[in-house]
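Encoded as structure tokens, the structure appears first; notes follow it.
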Amino acid sequence: MAGYPLSSGKPSLIVRKLQPDNREMPLSFVDTDTIGNDLFYRRNHFPYPSLPQTIYWLPVNGLVHMPKIFTLDEILQLPSKTLKVVLECSGNKRHFFEPKVFGDQWEKGAIGQGYWKGVPLRSLLELAGGVQPGAKEVLIEGYDYGKQPNINQPVTFARSLPLSKALHPDTLIAYQYNNQPISFKHGYPLRLIVPQWYAVASVKWIKQITVIDYEFNGPFQAVDYVYYPDKETDAGAFPVTVLNVNSSIQKPLNREILNRGMHLIKGIAWTGAGTITKVEVSTDNGSNWYPAQIEAQNSNEKYAWTSWTYEWHAVKKGEYTLLVKAADSHNRKQPSIPFWNRKGYGYNAIDKVRVKVE
């Protein structure tokens, strides 16, 4: 990982695109597992939206028994919950696919986490009288919109959730991040938080919620954010949803020169299914694997990443390839070769850095 800009000795976001604004977290230089707004990655498809200048309204309509419009103040008064949740862009690590794929070349920093406070989506649906029979999905639209290839009219960023996920008690309409109102660039005043799914599902700047009786096929659901295993055709395509089991080495840096002696290899591991149960490190390019020390997780942080460390005694001079792989409680393991797909989603191959010991 290279090219991290530093300002006054402090790490800052790495620009991947200016219009729209896409920037990643400098993972190697982050020492906390609660990421502040200044280092939380930004992923946008369109320019930042213009929000209503007067009172903020959130309509909840469609196949509910009593369609309702909530004010922001009403939502703030409802029973809430706070969850520590990791959000990962499905294009995280796209840079590492071989053969290369088109799209923003994210390295390891299109990921972040912290404490999200909000109201369960199901609570708003219940206050709107509950969903009607025949409902299939809940459609969430944002205020952000713009042009998309092969579409004549501007489109709104919108995604749907199956009813089972929408009604999960931990799917939140969030209004705070780390005890402060969500920043404008991360979705103020309301954004969806969908734990364990790639962050495309966590729609920002929510404009409207609609319960529908069909499968939504908007461009960010039926065209983009779909795995296409075949380079030329759409054969075998399936949607991007649950986070893959994954891990990253934060230190040492790739291509770093080290002295002989003890070195701490450290990083993070995360998953969208269950919890991380094992992290293993290799210091000889996979010939031997050793268990890393996994940081204990609180039961109320089941949606957060897990920090891990491994103490390495570098005795001999030479070049070394350091590897890490994780496994979760659903027996999912990181593969040695990633699942290639032509849009470059869900990269989760064994992570590596190369170092030289002198």
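Only heavy atoms go into these numbers, but all of them, side chains included; no hydrogens, no water, no symmetry mates.
No single ILVMFWY cluster, assembled from side-chain heavy atoms under 4.5 Å apart, contains both Tyr145 and Tyr188. Leu139 and Leu63 fall into different hydrophobic clusters, defined by Ile, Leu, Val, Met, Phe, Trp and Tyr side-chain heavy atoms under 4.5 Å apart, directly or through other members.
Ring to ring, Tyr177 and Tyr115 are not that close: their centroids are 6.0 angstrom or more apart. A distance of 6.0 Å or more separates the ring centres of Tyr175 and His186. Two rings, from Tyr290 and Trp312, have their centers 6.0 Å or more apart. Annotation: Tyr347 is not in aromatic contact with Tyr227 [ring centroid separation under 6.0 Å not met].
A salt bridge between Lys84 and Asp33 is present, with a side-chain N of the basic residue lying under 4.0 Å from a carboxylate O of the acidic one. Salt bridge status for Arg42 with Asp21: present, with a side-chain N to carboxylate O gap under 4.0 Å. Salt bridge absent: Asp328 and Lys278 never bring a charged side-chain N and a carboxylate O closer than 4.0 Å. A salt bridge is defined here as a Lys NZ or Arg NE, NH1 or NH2 lying under 4.0 Å from an Asp or Glu carboxylate O, and Asp104 with Arg94 fails to meet this definition. Comment: Asp170 does not engage Arg122 in a salt bridge, judged by the lack of any side-chain N to carboxylate O separation of less than 4.0 angstrom.
Under the 3.5 Å distance criterion, the side-chain polar atoms of Arg159 are matched with a main-chain donor or acceptor of Phe220. Looking only at distances, a side-chain donor or acceptor of Glu24 sits under 3.5 Å from a matching main-chain atom of Glu107.
Because its NZ or CZ atom is both nearer than 6.0 Å to the ring centre of Trp289 and within 45° of the ring axis, Lys325 counts as a cation-pi partner of that residue. Taking the ring axis of Phe70 as reference, the NZ or CZ atom of Lys68 stays within 45° of it and closer than 6.0 Å to the ring centre.
Checked against Phe157 for a side chain to side chain contact (heavy atoms under 4.5 Å, CB included), the options Asn44, Ile140, Val200 give a single hit: Val200.
Of all heavy-atom pairs between Ile14 and Met25, the closest is CD1-O, 4.0 Å. Among all heavy-atom pairs drawn from Pro252 and Val355, the shortest one is CG-CG1, 3.7 Å.
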